[in-house]
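Reading through the C-alpha cells given below for one structure.
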Amino acid sequence: MTKKRAAPPLAAAPFRRRLWLSLELVAALSVLAFLFVILRIQSYSLTTPQPTLLLFRDPIPFAGEPKIAFLFLARAGLNLDFVWHNFFKNAQVGNFSIYVHSKPGFKLDQSTTRSPFFYGRHLEDSVQVNWGEASMIEAERLLLRVALEDPANQRFVLLSDSCVPLYNFDYVYKYLMSSPKSFVDSFSDKKERRYNEKMAPAIPKHNWRKGSQWITLIRRHAEVVVDDDFIFPVFKTFCKRKLAEDIDEKQITEPASEKKHGCIPDEHYVPTLLSMRELEDELERRTLTYTLWNNSRSEKDKRSWHPVTFQYGNANPMEIEKIKNIDHVYYETDLRTEWCQCNGTFVPCFLFARKFSPGAAMRLLNERLIGTFEVSSLLQESS
C-alpha cells in the first residue's frame with residue numbers, strides 16, 4: 001500500500017491574509033491620521049498668527065534737542081486749534097512736531113484751520129475710523145509710523161480733537177523729557193469680561209490689560225507698537241464691540257458670568273501689547289489725559305459710563321484747579337494706588353484734559369487758566 005501525503009494545515013493561508021489585511025488597515029489609518037494632523041496645523045496657522053522674532057530696533061542717532069510728537073486723532077478739523085495755537089506759539093519750534101489723522105481726503109490748510117501750526121500736518125495715508133473698532137488702532141499706528149520717521153521725535157503724545165493742555169509748553173516738555181518711561185494706563189480687566197478665550201494662546205489671559213487709549217510713549221515703545229504684526233491681527237479678529245442687534249434673548253436671560261461682552265480694541269491694545277513684551281517695568285501705569293466720567297443708568301437700569309463734555313459753565317477755575325491737584329489714581333481691580341511720579345518726583349497726574357467744547361476752551365484762555373491768550377494775535381498770524 002502506498003502512503004498518503006499529509007495535507008498542509010488549512011489555517012496557515014487565511015491567517016497570513018488576515019495579518020496582511022490588518023497591517024494594511026493600520027497603515028491606511030496612520031496615513032489618514034497624519035493627513036488630519038497636517039490639515040489641523042495648517043488651519044490653525046491660517047487663523048492664529050504665529051509669533052515672529054521679537055527684536056527691538058537699533059537706536060537712531062540724532063543731533064539737537066529731542067522733540068515731542070503731538071499726535072491728534074480728529075474726525076475732520078480741529079475745533080480747538082486756537083487753544084493749541086496758543087500752546088505752541090510759546091514753544092521753541094525745534095522742540096515739537098505735529099501730526100493729525102483725519103478722515104480720508106481731509107486737508108489742513110488756510111480754509112480748514114485757523115492756526116498755521118497745523119497747515120499740512122494731516123496724514124496723506126489715513127483710514128476711515130469707527131468708534132469701538134480696530135480702525136482706531138490702525139489710525140494710532142499710522143500716526144506713530146509717520147512720526148517715527150523723524151529721529152528727533154523722542155516722546156509721542158496721543159490726543160483727541162477735544163483735548164486741551166492744562167499747562168504751558170515748557171512745563172509739559174520738562175515733565176515728559178525728565179522721565180525715561182512711557183505713560184500708559186494699564187490695569188487688569190477682571191470685571192467686564194471682555195477677554196475672548198479664542199485669543200489664546202496668542203494672548204494669554206494673564207497678559208490681558210485695559211486702560212485709557214490716550215497714551216504717551218518713549219521712542220522704543222512707539223517702535224514696538226508700529227512693528228507689531230502678531231498681536232494686532234488677533235485684536236482685529238477677536239476684539240470687537242458688541243452691537244445691540246447682536247444681543248439675542250437667550251443672552252439677556254443667562255447669568256451675568258456667562259454673558260458675552262463687547263471688546264473695545266483701543267482700550268486694550270497698547271497696554272496688552274506692552275504686557276506681552278514684558279515692558280511694564282518701563283511704564284508709569286497711568287494716563288496723562290484727564291477724563292470726567294458720568295456713571296449714569298440706561299433705560300434697562302444698567303450702569304453706563306460716558307465721558308462728560310465740559311461746557312462754558314463747568315469749565316471754571318475751581319474745576320480746573322481740582323483737576324490739576326489730583327496726585328494719585330486708584331485702580332480698584334488691581335487694588336493698586338498709583339501715586340503720580342515723574343523720574344521719582346511726585347507731580348500732578350494730568351497734563352491734558354478732555355472733552356472740551358469750543359466755548360469751554362475759550363473760557364480757559366480768556367480767564368488765563370491755561371496760559372495767556374490774545375485773540376488778535378491769532379487773527380494776525382492766520383491772515
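The backbone N or O of S111 sits nowhere less than 3.5 Å from a side-chain atom of R114 that would complete a donor-acceptor pair. Within the 3.5 Å criterion, the main-chain N or O of Y119 finds no donor-acceptor partner in the side chain of D109. Here the side chain of Y195 pairs a donor or acceptor atom with the backbone of I203 at under 3.5 angstrom. At distances below 3.5 Å, not a single donor-acceptor pair connects side-chain atoms of H122 with backbone N or O atoms of P104.
Taking the six-membered ring where the residue is Trp, the centroids of F96 and F88 are separated by under 6.0 Å. Aromatic rings from F235 and W208 are positioned such that their centres are separated by under 6.0 Å. For W84 and F118, the ring centers sit 6.0 Å or farther from each other.
Comment: E65 does not engage K67 in a salt bridge, judged by the lack of any side-chain N to carboxylate O separation of less than 4.0 angstrom. Salt-bridge formation is not detected for the pair K236/E133: no Lys NZ or Arg NE/NH1/NH2 atom is positioned less than 4.0 Å from an Asp or Glu carboxylate oxygen. Between E319 and K322, at least one side-chain N (NZ, or NE/NH1/NH2) sits under 4.0 Å from a carboxylate O, which counts as a salt bridge. Electrostatic pairing of E280 and R285 counts as a salt bridge here, judged by a charged N lying under 4.0 Å from a carboxylate O.
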Open item on the list: Is there a salt bridge (charged side-chain N to carboxylate O under 4.0 Å, His left out) between D185 and R286? Walk through the geometry before answering.
Closed with: CA-CA 4 Å; D185 200 32; R286 59 186 177 87; over 6 Å; no
- side-chain contact (heavy atoms from CB on, under 4.5 Å) evaluation trace for T289 with C163: CA-CA 8 Å; T289 300; C163 283; 3.9 Å; yes
ask   = Hey, mind stepping through L108 and V100 against side-chain contact (heavy atoms from CB on, under 4.5 Å) and telling me if it holds?
value = CA-CA 9 Å; L108 287 164; V100 181; 3.7 Å; yes
Discussion item. Applying side-chain contact (heavy atoms from CB on, under 4.5 Å) to V184 and T287, what does each step give before you reach the verdict?
Written reply: CA-CA 5 Å; V184 178; T287 180; over 6 Å; no
Output, in order, the C-alpha distance, side-chain angles, deciding distance and verdict of side-chain contact (heavy atoms from CB on, under 4.5 Å) for L73 and M136. CA-CA 9 Å; L73 277 173; M136 185 76 77; 3.9 Å; yes
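Taking the centre and axis of the six-membered ring of Y331, the NZ or CZ atom of R336 falls inside the cone set by 45° and 6.0 Å.
Put simply, CG on D266 and CD1 on I215 are 10.0 Å apart, with the number rounded to the nearest 0.5 Å. If you take OH on Y269 and CD on E138, they are separated by 10.5 Å, rounding to the nearest 0.5 Å. To the nearest 0.5 angstrom, D227 atom CG is 8.5 Å from R141 atom CZ. Going from atom CD1 of I218 over to atom CG of L176 covers 12.0 Å, rounded to the nearest 0.5 Å. Here the CD-CG distance, from E223 to D228, works out to 13.5 Å after rounding to the nearest 0.5 Å. Distance NZ/K324 to CG/L351: 10.5 Å, rounded to 0.5 Å.
Y99 and R145 share no side-chain donor-acceptor pair at under 3.5 Å. Between the side chains of H268 and R194, a donor-acceptor pair is found at a separation under 3.5 Å. A donor and an acceptor atom, one from each side chain of H328 and T337, are nowhere located under 3.5 Å apart. Side chain to side chain, N130 and S135 fail the donor-acceptor criterion of an N or O pair below 3.5 Å. Judged purely by distance below 3.5 Å, without hydrogens or angles, the side chains of E140 and Q213 pair a donor atom with an acceptor atom. For the residue pair S178 and N343, no side-chain donor N or O sits within less than 3.5 Å of a side-chain acceptor on the partner. Of the N and O atoms on the side chains of S115 and T113, not one donor lies less than 3.5 Å from an acceptor on the other residue.
Annotation for P358 and F82: closest pair O-CZ, 3.7 Å, computed over non-hydrogen atoms. Across all non-hydrogen atoms, the minimal contact from Y173 to P66 is OH-O, 2.6 Å. When all heavy atoms are compared, the tightest approach of L217 to S182 is CA-OG, 3.3 Å. Between C342 and Y175 the shortest heavy-atom distance is SG-O, 2.8 Å. The minimum heavy-atom distance linking V157 with F352 is given by the pair CG1-CE1, 3.8 Å. Between A74 and D161, the shortest heavy-atom contact is CA-OD2, 3.7 Å.
Residues Y167 and P348 meet the side-chain proximity criterion, which asks for heavy atoms closer than 4.5 Å.
Of the residues listed (K181, E282, R277), the one engaging H221 in a side-chain hydrogen bond (donor to acceptor under 3.5 Å, both in side chains) is E282, and it is the only one.
Atom CD of Q128 is surrounded by more than 12 heavy atoms from other residues, nucleotides or ligands within 6.0 Å. Within 6.0 Å of the NZ atom in K103, the count of heavy atoms belonging to other residues, nucleotides or ligands does not exceed 12. No more than 12 heavy-atom neighbours from other residues, nucleotides or ligands sit within 6.0 angstrom of CZ on R75.
Under the 4.5 Å side-chain heavy-atom criterion for ILVMFWY residues, a single connected hydrophobic cluster contains both L369 and V172. When the side chains of ILVMFWY residues are joined at heavy-atom separations under 4.5 Å, either directly or via intervening members, L142 and W131 end up in a single hydrophobic cluster. Hydrophobic clustering (ILVMFWY, side-chain heavy atoms < 4.5 Å, transitive): Y171 and I326 are in one cluster. Y312 and M362 end up in different hydrophobic clusters when Ile, Leu, Val, Met, Phe, Trp and Tyr side chains are linked at under 4.5 Å. Connection of I60 to V225 is not established within any shared hydrophobic cluster, with ILVMFWY side chains joined at heavy-atom distances below 4.5 Å, either directly or through further cluster members.
Between F70 and F169, the ring-plane angle classifies as tilted under the 30° and 60° cut-offs.
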